[in-house]
Amino acid sequence: MELSDANLQTLTEYLKKTLDPDPAIRRPAEKFLESVEGNQNYPLLLLTLLEKSQDNVIKVCASVTFKNYIKRNWRIVEDEPNKICEADRVAIKANIVHLMLSSPEQIQKQLSDAISIIGREDFPQKWPDLLTEMVNRFQSGDFHVINGVLRTAHSLFKRYRHEFKSNELWTEIKLVLDAFALPLTNLFKATIELCSTHANDASALRILFSSLILISKLFYSLNFQDLPEFFEDNMETWMNNFHTLLTLDNKLLQTDDEEEAGLLELLKSQICDNAALYAQKYDEEFQRYLPRFVRAIWNLLITTGQEVKYDLLVSNAIQFLASVCERPHYKNLFEDQNTLTSICEKVIVPNMEFRAADEEAFEDNSEEYIRRDLEGSDIDTRRRAACDLVRGLCKFFEGPVTGIFSGYVNSMLQEYAKNPSVNWKHKDAAIYLVTSLASKAQTQKHGITQANELVNLTEFFVNHILPDLKSANVNEFPVLKADGIKYIMIFRNQVPKEQLLVSVPLLINYLQAESIVVHTYAAHALERLFTMKGPNHATLFTAAEIAPFVEILLTNLFKALTLPGSSENEYIMKAIMRSFSLLQEAIIPYIPTLITQLTQKLLAVSKNPSKPHFNHYMFEAICLSIRITCKANPAAVVNFEEALFLVFTEILQNDVQEFIPYVFQVMSLLLETHKNDIPSSYMALFPHLLQPVLWERTGNIPALVRLLQAFLERGSNTIASAAADKIPGLLGVFQKLIASKANDHQGFYLLNSIIEHMPPESVDQYRKQIFILLFQRLQNSKTTKFIKSFLVFINLYCIKYGALALQEIFDGIQPKMFGMVLEKIIIPEIQKVSGNVEKKICAVGITKLLTECPPMMDTEYTKLWTPLLQSLIGLFELPEDDSIPDEEHFIDIEDTPGYQTAFSQLAFAGKKEHDPVGQMVTNPKIHLAQSLHKLSTACPGRVPSMVSTSLNAEALQYLQGYLQAASVTLL
């Protein structure tokens, strides 16, 4: 694509169309852009547009499209073509910083993100001048430019907060510090001076405070991994100024908005974070500043109001106290009973109150409320911080703190009892306090794993939680109902099983509650209870114990999906899946109606898939329905196919990318359930599965391979007779997969199925070419993973076609090749094979090579006979060799860049492990002994002499053991 006005005009038209609400206009435009993005100059056209276009909407649209393009394509993935040509990469890096700094803020943010994506891959090695270019802009004095630099630096360096330590990381951080720490410190001082100069100019202050926030964030990122020498030497400058800013109050920066945090609050929040970082990690160096910060933050807490805009500030300030109070160094600051009482009274209790804003979120923004409350993404809520502070204080002062709070809990419950309809918030705070006091350690999977011995959880449950849950009206006091359900969820390991069993019908009842939070919590609680493990790893609740509630449970769960706001509620769908899994055959009578409802739901969400977890659990539930029903009645598979195939066809025709890997997995499960030949409906699909476009999406590959394996297992004869012209296509897929380090194992899965199931004559003409391809890959890039798969394949080939056929095909490619493969690959590497079935295949294959391959006994290959036997005994007796050479870092499949639908394995569509050797050999050691005996009968005297002269003593001893176990001798 040339950088011409005509192309700019075309691009403008298509970008406009991508904003059209009508999918008939929008989709083709998106597809067009996708089809041209591989062309040279495409990114430069986008950058030209966002710089020169007169239309602001197009500018913003071009900047977002550019950022997403970079996100999808910048990373160079090994074994895959480079998606952006080198000239474009150079041009982008040469222009983007200047362009970002001269653009309006809305576009600046998008380009800043793009720079950080490029930086993650190219900085510092491939983009050495990025830092210099950025630091030089600090001199400009223009804060629009300076803030652009700071914003970009922040998005570039914030990954230092969660990267693992490594030499590369240290080198990069040192490079950044050398270039950046001093200019940043000077900018910090200069900005603070400018704040005094412009103390009465509101618009100047807003820009300056935006800079200070970014500077403080950068301080956090650069100090996170370790305390840099520069910052230690300049601690006085930074800490004194941070302290001044914490205590600063400028009327001009205060906002009337009660919801949105202002610049002052955001800056103070970040400073609390910075102080907490130093208090936790660098307590020795920070010790002399600490008391000042504790006083300033304490004052901040007792003078800040309850408005939502202060939430982040208050929660960070409380988190600071929490991190300080659990360090042994600072214990003395909190020992006094009055201090503890004051903290409890002035900080913890007020911040545990359920405010009007919380009530509003509970009712009107339930999804966000649930995410914060259930999934622990409430890191920045006051309640969560107060809870952490209680835990921190309990580390050293459990007795006194529990004592102080017990008084509060009792008085709150008394207040509630006086007038429940008015004072229900008192009870809510009491439950929250008990929860935070009692829970010492918690995991998502198991709930509370360690509890405070001083709190009687069962008694509180029976007296204060159960009565609320037993109330006849499921819609009364929804917040307290949600609290009660959450209590069951959190303390499910502490409350006795009989009490939990009493709760099950109550929870099923709450699936009908109007409040989204209440019926979601009820579904989540049931799902968690059904996964609990009892003695000997079985589920705590048996299907028999839940059986009395089956009908009402399933009815209410599916009804809950029709409640407003919950049509794609992932917690309800997960509870449906878990109920199926627990109840097993108890659900069979209901399956016909359930599968209809699931299919309708699938059809509805496939129009616009937006909830990945919901969709995943929905497919899991479909798989469970198939599994459970067909286990009892395999013929029922036809009914499922009738119900599902129409929807599946629509999904495949409309190319619903998110669902295609799932559809293939469910189809594999259905096809594997057929006992005889492949139904014609599947055969019609077979040619479509070989289309290259399907294989270009990484997320499809595992599911497609498994589906093709199912075709080969069930219908190899049909393929050989009715679709022989498709075999080259099948091998083409294998060739593509084998070339990729990330997917070569999938190529072997496919190849092994072809060898195992296809009639030999149908693949005769392709065999040599297959081996040549494998050898080419071995020469070009030999990885441990490839070798392991290769070993399993050649041994499977040997079992299927015979040892002689394997020797002949190797030597047919190149004379003496067979000996090279034995010497260089099989003997030294066999120890690396992992997995029971894989080891068994290799053992049986090598046994065949030892005992059924005449050239091994009477040619120059004979010298390899004993080493091969030695390596086989090693495979049986030595630990697996799982070492991987340093230079091999496999690209994880999940690691390919974003925007690719990642493959999500359906647990309940799982493939049974298949053993191709099966009944033929049950014990490979005894099989070896019997085969050696048979060989020795054919050529008496040779085998014992080869064994006794060359096998090492330990291996010989093991071999004697096998012979004894098989009751045979060597002649």
Side-chain angles (χ1 to χ4, degrees), residues 21 259 308 354-378 381 383 424-425 428 444 468-469 471-489 506-530 552-579 593-594 596-622 656 658-659:
E259 299 281 321
V308 176
F354 197 76
R355 300 164 303 165
D358 299 315
E359 202 172 344
E360 207 172 285
F362 184 94
E363 287 167 8
D364 302 333
N365 192 0
S366 45
E367 205 169 314
E368 180 61 22
Y369 181 91
I370 292 164
R371 219 187 68 224
R372 285 205 315 231
D373 194 39
L374 268 194
E375 297 172 17
S377 67
D378 57 350
T381 63
R383 280 192 140 180
W424 61 266
K425 286 185 183 173
D428 168 77
Q444 197 71 33
D468 276 358
L469 294 180
S471 103
N473 182 352
V474 293
N475 293 317
E476 186 184 34
F477 301 137
V479 175
L480 292 184
K481 297 286 201 291
D483 288 341
I485 296 170
K486 190 178 171 199
Y487 187 94
I488 295 176
M489 225 172 338
L506 302 174
L507 293 170
I508 292 173
N509 199 23
Y510 280 103
L511 291 168
Q512 302 179 70
E514 287 164 13
S515 157
I516 296 178
V517 177
V518 174
H519 64 241
T520 300
Y521 280 21
H524 189 49
L526 286 164
E527 191 271 330
R528 295 285 80 191
L529 293 181
F530 291 170
I552 184 78
L553 169 67
L554 295 173
T555 308
N556 285 3
L557 279 168
F558 276 91
K559 247 197 226 157
L561 287 175
T562 62
L563 293 167
S566 275
S567 66
E568 292 181 39
N569 185 320
E570 67 186 68
Y571 294 97
I572 298 172
M573 193 47 91
K574 193 175 187 186
I576 290 173
M577 170 192 88
R578 199 67 69 196
S579 305
T593 51
L594 299 178
T596 309
Q597 289 175 281
L598 284 168
T599 315
Q600 286 166 347
K601 184 56 79 181
L602 171 58
L603 188 60
V605 296
S606 68
K607 302 278 186 277
N608 183 18
S610 55
K611 296 278 175 69
H613 289 105
F614 175 86
N615 300 334
H616 188 90
Y617 300 135
M618 174 179 54
F619 278 104
E620 292 282 22
I622 291 171
V656 184
E658 297 88 334
F659 282 5

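At a threshold of 4.5 Å between non-hydrogen side-chain atoms, the residues Val517 and Val479 do not count as touching. Annotation: side chain of Leu374 is in contact with side chain of His524 (closest heavy-atom distance under 4.5 Å). No side-chain heavy atom of Asn365 sits under 4.5 Å from any side-chain heavy atom of Glu360. Counting heavy atoms from C-beta on, the side chains of Tyr521 and Ile370 come closer than 4.5 Å.
Separating the CD1 atom in Ile508 from the OG1 atom in Thr555 is a distance of 10.0 Å, to the nearest 0.5 Å. Distance check, rounded to the nearest 0.5 Å: OG1 of Thr381 to CZ of Arg372 gives 6.5 Å. Rounding to the nearest 0.5 Å places CZ of Phe354 at 7.0 Å from NZ of Lys425. Note: Leu526 CG to Leu511 CG = 5.5 Å, rounded to the nearest 0.5 Å. We find the CG-CD distance between Leu561 and Glu568 to be 9.5 Å, quoted to the nearest 0.5 Å. Note that CD1 of Ile572 and CD of Glu527 are 12.5 Å apart. Values are rounded to the nearest 0.5 Å.
Using a distance-only test at 3.5 Å, with no hydrogens or angles considered, a donor-acceptor pair links the side chain of His519 to the main chain of Ala513. Between the side chain of Ser566 and the main chain of Leu563, no donor-acceptor pair closer than 3.5 Å is present. For Ser366 (side chain) and Glu363 (main-chain N/O), no donor-acceptor pair under 3.5 Å exists by modelled atom type. Checking side-chain atoms of Tyr510 against main-chain N and O of Leu469 turns up a donor-acceptor pair under 3.5 Å. Panel note: side chain Asp358, backbone Arg355; a donor-acceptor pair is recorded below 3.5 Å.
The two residues Lys601 and Ser567 have their closest heavy-atom pair at NZ-O, 2.8 Å. The shortest non-hydrogen separation linking Ser471 to Lys481 is OG-NZ, 3.2 Å. For the pair Met573 and Leu598, the tightest heavy-atom approach, listed with the atom from each and the gap, is CE-CD2, 3.9 Å. Of all the heavy atoms in Pro478 and Ser515, the pair that sits closest is CB-CB, 4.1 Å. Listed here is the closest heavy atom pair of Pro609 and Asn615: CB-ND2, 3.8 Å. The two residues Phe362 and Ala482 have their closest heavy-atom pair at CE1-CB, 3.9 Å.
Side-chain N/O atoms of Asn569 and Thr520 include a donor and acceptor closer than 3.5 Å.
Checked for salt-bridge contact, Lys574 and Glu620 miss the test: no charged N lies under 4.0 Å from a carboxylate O. Salt bridge Asp428/Arg383: present, at least one basic N to carboxylate O contact under 4.0 Å.
Here Phe619 and Phe659 bring their ring centres to under 6.0 angstrom of each other.
Within 6.0 Å of CD on Glu514 lie no more than 12 heavy atoms contributed by other residues, nucleotides or ligands.
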Practice item. Might you work through the side chain to side chain contact (heavy atoms under 4.5 Å, CB included) test for Ile488 and Leu506, ending with a clear yes or no? Key: CA-CA 11 Å; Ile488 295 176; Leu506 302 174; over 6 Å; no
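Here the rule is side-chain contact (heavy atoms from CB on, under 4.5 Å) with Phe477, and of Asn473, Asn475, Leu480 only Leu480 fits it.
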